[in-house]
Colleague: 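Mind looking over this structure? Questions follow.
Residue numbering restarts at 1 for every chain, and letters A, B, ... go by the order of the sequence lines. Because the structure is a prediction, the values reported are computed rather than measured.
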Amino acid sequence: MTLSRREFTALVSASAVRLSSQNIEDERVSTESVGAMLDAQGGRGLFADSEWLELLRHAIELNAQTRASLRRYALSADAEPTITFVRY
Amino acid sequence: MQNDIHYASIAELSRLLETRQLSSVELTELYLNRVERLDQPDFDLPADPSRSSGEKLATIITLARSQALEAARRADTTERRGPLHGLPYGVKDLLDTRGVRTTWGSRIFADNVPDRNAAVVEKLEAAGAVLMAKMSMGEFAGGNTSNALNPWKRDRTTFGSSSGTAAGTVAGFIAFGIGSETGGSIVYPCSAVGATGLRPTLGRVSRYGAMVLSWSLDKLGPVGRTAEDCGLVLEAIAGYDSRDNATARREFSFRREPAFPRGTRVGVERAAFELAAPADRRVFEDALEVLRDAGCELEDISLPDRPYGPIFSQLVGCESGSFFEPYFDDGRIAGCFPYNRARIASWMAARLQPTSDYLFAQRVRSELIREADELISRYPIVVAPTWPSGAARREVVDGWPVPADPELEPGGTTHTRLKIHNVANIAGLPGISIPCGFDQEGLPLSIQLVAGAWEEQVLLDLAMIYQRETDWHHRRPPEPFRA
C-alpha cells in the first residue's frame with residue numbers, strides 16, 4: 001500500500017495522539033507526549049518554550065484526573081448532550 | 001441636593017431627573033468626581049493584582065469621562081426614554097464599548113478600543129443611560145484576581161469575577177452595573193460587598209460583543225442597590241438577538257409592584273446553611289424568618305452529590321480554549337499576567353483532549369438539567385446562602401490574590417458544596433443575591449434565591465418584598481473605606 005505524504009502525516013499524528021491519550025489515562029504524561037500532541041494539532045506556538053510546555057504537561061495531567069472523575073458518573077445511555085441544534 | 005445622592009436607587013434618581021431637580025450632567029459629574037477622589041489609583045489598570053492601590057478601591061479600569069459627559073448632555077436635551085434615562089452606569093470590562101477601551105482585565109488588550117458596542121450597551125444606550133465606566137475584573141474573568149478592593153474593608157476579597165461592578169455599585173461610584181456569570185461571577189461578588197445582583201436565565205440577555213468563557217454557560221446580568229434596580233435594568237437589556245444563538249424570543253416586562261402568593265413552597269438547601277459559622281448562621285436563619293413572614297412555605301431540601309466541579313472544568317476549559325484560539329495562534333496570550341499562566345495552559349490542555357470527553361460532560365449536564373427542572377416543579381424558589389461567610393482576607397501570593405483561607409474563596413470546595421448554586425448555573429436558571437446582614441467583622445452576608453427558567457419576575461417579587469421588610473441593602477460602607 002502506498003500512502004500520500006498527507007495520509008502518512010495524518011496516520012502518524014493520530015497514532016501519536018492515541019499513544020499520548022493512553023499515557024494520560026495512566027495519569028503520567030511525558031513532555032515528549034505533550035510535544036507529539038501539539039505537533040499533531042499543528043504546531044507548538046508558545047509551548048515551544050520549556051516553561052510553558054511544563055505548565056501544559058501539568059495541566060494535561062490535571063485535566064486527565066478531572067475527566068476520569070467525571071467518567072465515574074453513571075450516565076444513562078439515553079442522555080443526549082446539551083448541544084441541541086434549534087432553528088428559531 | 002442630598003449629600004448621599006450617589007447611593008440613591010434607580011427609582012429615586014429617575015424621579016430627581018424627571019422632575020428636573022437634578023440633571024444628568026450634574027449626576028454624572030458627581031459620580032466622576034467621587035470616582036476620581038476615592039477609586040482611581042496612581043497607576044494604570046489593568047495591573048498585576050499585587051500592586052497596592054493604597055486607599056483607592058480600584059474598581060474601575062477605564063473612566064470614560066468625556067464620553068459620559070457628552071452622553072449626559074444628550075440625555076438632558078432629549079425626551080426621556082424610561083427610568084434609566086440619564087443615569088451613569090458601568091459595565092464589566094469584557095463588554096465591547098465603541099471608542100472606549102475594552103481590556104478583558106488584561107494588559108494584552110490595554111490599548112484595545114473596539115469600534116462596536118456589545119448588545120447590552122446598545123440597549124442601554126437606547127434606554128438613554130450614560131456609559132461612564134469599565135469595571136475591574138480579573139484577567140479573562142479569572143475569579144477573584146482583579147485589583148478591586150472591598151469597600152467594607154480594603155484588605156478583604158471582593159470575590160469575582162465581576163468584582164469592580166459589584167464593589168463600585170456598593171461604593172456609590174455608579175448608579176448600576178452590568179456583570180457576567182459563568183459559575184458564580186455575579187452573585188458571589190455581590191455577596192462579598194452587599195450588592196443586589198441578578199443572574200438571568202441563560203438566553204435572556206444577549207452576549208453579543210462580550211468576551212467568552214463558555215458559550216453554554218455565560219450570562220450577563222444587572223447589579224444594583226435594590227432588587228427593583230435589577231428589574232428595571234433587566235427589562236432594558238433582555239430580549240432576542242440574532243447575533244447570540246442562545247437568546248430566546250421572550251420579552252421581559254418588569255412589574256414593579258410585587259405579587260407573591262402566600263403559601264408558595266420554597267426549598268431551603270439546609271446543608272448550605274450549615275456551612276456557615278454559628279454566629280453567621282443566626283443571620284441566615286433571621287433571613288429565613290423574613291421569608292416565612294412574607295408567606296413562604298419553607299421546606300428543608302437536600303440535593304444529591306453530582307460532579308459539578310468536573311462539569312464546569314470541562315465545559316469552561318474546552319469552550320475558553322476554542323474562543324481564545326486566535327490569541328494562542330498569534331502568541332499574544334503569552335503576555336498574560338504570570339499568575340494566570342497555569343489557567344491558560346489548562347485551556348490548551350482542554351483543546352488537546354478527545355471531543356468525546358466534552359460531549360460526556362454535556363450529556364451529564366442534560367441529566368442535571370432534568371433534575372433541576374423536576375426540583376423547581378416542586379419548589380418554585382430555592383434559597384441558600386449566596387456564600388456562607390463574609391469576605392475573607394485578601395492576600396497576594398506569587399502575584400495571585402488569594403484569601404487567607406482558600407476554602408473561603410469560590411474555587412475551593414465550599415463552592416461545590418453550594419449545590420443549588422451549581423445546579424442553577426449548569427441548568428441556566430436565574431438567581432438573585434440579596435444582602436441579609438453582617439458577620440461579626442461587619443462584612444456583608446447574602447442569600448441567593450433561585451427560580452425556574454424565565455421566572456426572573458418571581459425572584460424579583462420575593463426579593464422586593466424581602467427588601468421592603470429589611471434595610472440591609474441600604475447599609476453603606478463607612479467612609480473613608482476601612483483598611
Colleague: Quick one: NZ on B:Lys219 to OG1 on B:Thr201, what's the gap to the nearest 0.5 Å?
Modeller: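 So the gap between those two atoms works out to 10.0 Å.
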Colleague: State which residues pass side chain to side chain donor-acceptor pair (under 3.5 Å) with B:Thr103; sequence neighbours excluded, sorted by chain then number.
Modeller: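 Counting only residues at least two positions away or on another chain, B:Thr103 forms a side chain to side chain donor-acceptor pair (under 3.5 Å) with B:Asp93.
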Colleague: At under 4.5 Å between heavy atoms, what parts of residues 320-336 of chain B are in contact with chain A? List them by residue number.
Modeller: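 Interface residues of residues 320-336 of chain B: B:Phe328, B:Ile333, B:Ala334, B:Cys336.
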Colleague: Against chain B, label A:Leu56 side chain, backbone, both or neither, depending on which of its atoms sit under 4.5 Å from a heavy atom there.
Modeller: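 When you check distances to chain B, atoms from both the backbone and side chain of A:Leu56 fall under 4.5 Å.
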Colleague: Between chain B and each of A:Arg71, A:Glu51, A:Glu80, A:His58, count heavy-atom pairs under 4.5 Å; write down the option with the most.
Modeller: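 Greatest number of close heavy-atom pairs with chain B: A:Arg71.
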Colleague: Can you tell whether the side chains of B:Arg363 and B:Glu367 come within less than 4.0 Å, N to carboxylate O?
Modeller: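 Looking at B:Glu367 together with B:Arg363, the answer is no, because their closest N to O distance does not fall below 4.0 Å.
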Colleague: Among A:Ser76, A:Ser69, A:Gly43, single out the residue with the greatest number of heavy-atom pairs under 4.5 Å to chain B.
Modeller: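 Between A:Ser76, A:Ser69, A:Gly43, the count favours A:Ser76.
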Colleague: Which atoms of B:Ser216 come close to chain A, meaning under 4.5 Å heavy atom to heavy atom: side chain ones, backbone ones, both, or neither?
Modeller: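 Neither part, no heavy atoms under 4.5 Å.
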Colleague: What part of A:Ala77 is in contact with chain B, defined as an atom under 4.5 angstrom from a non-hydrogen atom: side chain, backbone, both or neither?
Modeller: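 A:Ala77 touches chain B through backbone heavy atoms alone.
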Colleague: If the plane angle is over 60° it's perpendicular, under 30° parallel, otherwise tilted; pick one for A:Trp52 and A:Phe47.
Modeller: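 A:Trp52 vs A:Phe47 ring planes: perpendicular.
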Colleague: Mind checking the OG-CZ spacing from B:Ser185 to B:Arg199? Nearest 0.5 Å is all I need.
Modeller: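 CZ of B:Arg199 is found 11.0 Å from OG of B:Ser185.
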Colleague: Charged N to carboxylate O below 4.0 Å: is that the case for A:Arg57 and A:Glu32?
Modeller: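 Between A:Glu32 and A:Arg57 there is no salt bridge, as every charged N stays at least 4.0 Å from the carboxylate O atoms.
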Colleague: Output the distance between atom CD1 (B:Ile376) and atom CD (B:Glu455), rounded to the nearest 0.5 Å.
Modeller: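 Rounded to the nearest 0.5 Å, the CD1-CD separation comes to 9.5 Å.
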Colleague: Chain B heavy atoms under 4.5 Å from A:Leu46: which part of the residue, side chain, backbone, both or neither?
Modeller: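 Contact with chain B: side chain only.
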Colleague: Please find out if less than 6.0 Å separates the ring center of B:His415 from that of B:Tyr188.
Modeller: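 Yes, the ring of B:His415 comes within the 6.0 Å limit of the ring of B:Tyr188, centre to centre.
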Colleague: Hey, what do you get for OG (B:Ser253) to CD (B:Glu251), rounding to the nearest 0.5 Å?
Modeller: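 Output value for this atom pair is 9.0 Å.
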Colleague: I'd like to verify something: which residue of B:Arg343, B:Gln353, B:Arg365 has the highest number of heavy-atom pairs under 4.5 Å with chain A?
Modeller: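 The answer is B:Gln353.
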Colleague: Less than 4.5 Å to any heavy atom of chain A: does that hold for the side chain of B:Arg306, its backbone, both, or neither?
Modeller: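 When you check distances to chain A, only side chain atoms of B:Arg306 fall under 4.5 Å.
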Colleague: Step by step, work out the side chain to side chain contact (heavy atoms under 4.5 Å, CB included) result for B:Arg204 and B:Ile237.
Modeller: CA-CA 9 Å; B:Arg204 176 68 91 183; B:Ile237 63 175; over 6 Å; no
Colleague: So which of A:Leu55, A:Thr66, A:Leu70 has the biggest tally of heavy-atom pairs under 4.5 Å with chain B?
Modeller: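 When all of A:Leu55, A:Thr66, A:Leu70 are compared, A:Leu70 has the most.
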Colleague: With a 4.5 angstrom heavy-atom cut-off, could you sort out which part of B:Leu368 is near chain A: side chain, backbone, both or neither?
Modeller: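 Just its side chain gets close to chain A.
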Colleague: If you tally heavy-atom pairs under 4.5 Å against chain A, which of B:Gln362, B:Arg370, B:Gln314, B:Met348 wins?
Modeller: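 Greatest number of close heavy-atom pairs with chain A: B:Gln362.
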Colleague: What is the distance from atom CG of B:Leu217 to atom CG of B:Leu315, rounded to the nearest 0.5 Å?
Modeller: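 Rounded to the nearest 0.5 Å, the CG-CG separation comes out at 5.5 Å.
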Colleague: Please give me the minimum heavy-atom distance between B:Asn425 and B:Gly184, naming the atom from each residue.
Modeller: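 In this case the closest contact between B:Asn425 and B:Gly184 is ND2-N, 3.9 Å.
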Colleague: Among B:Phe360, B:Trp347, B:Tyr358, single out the residue with the greatest number of heavy-atom pairs under 4.5 Å to chain A.
Modeller: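 Looking at each of B:Phe360, B:Trp347, B:Tyr358 in turn, B:Phe360 comes out on top.
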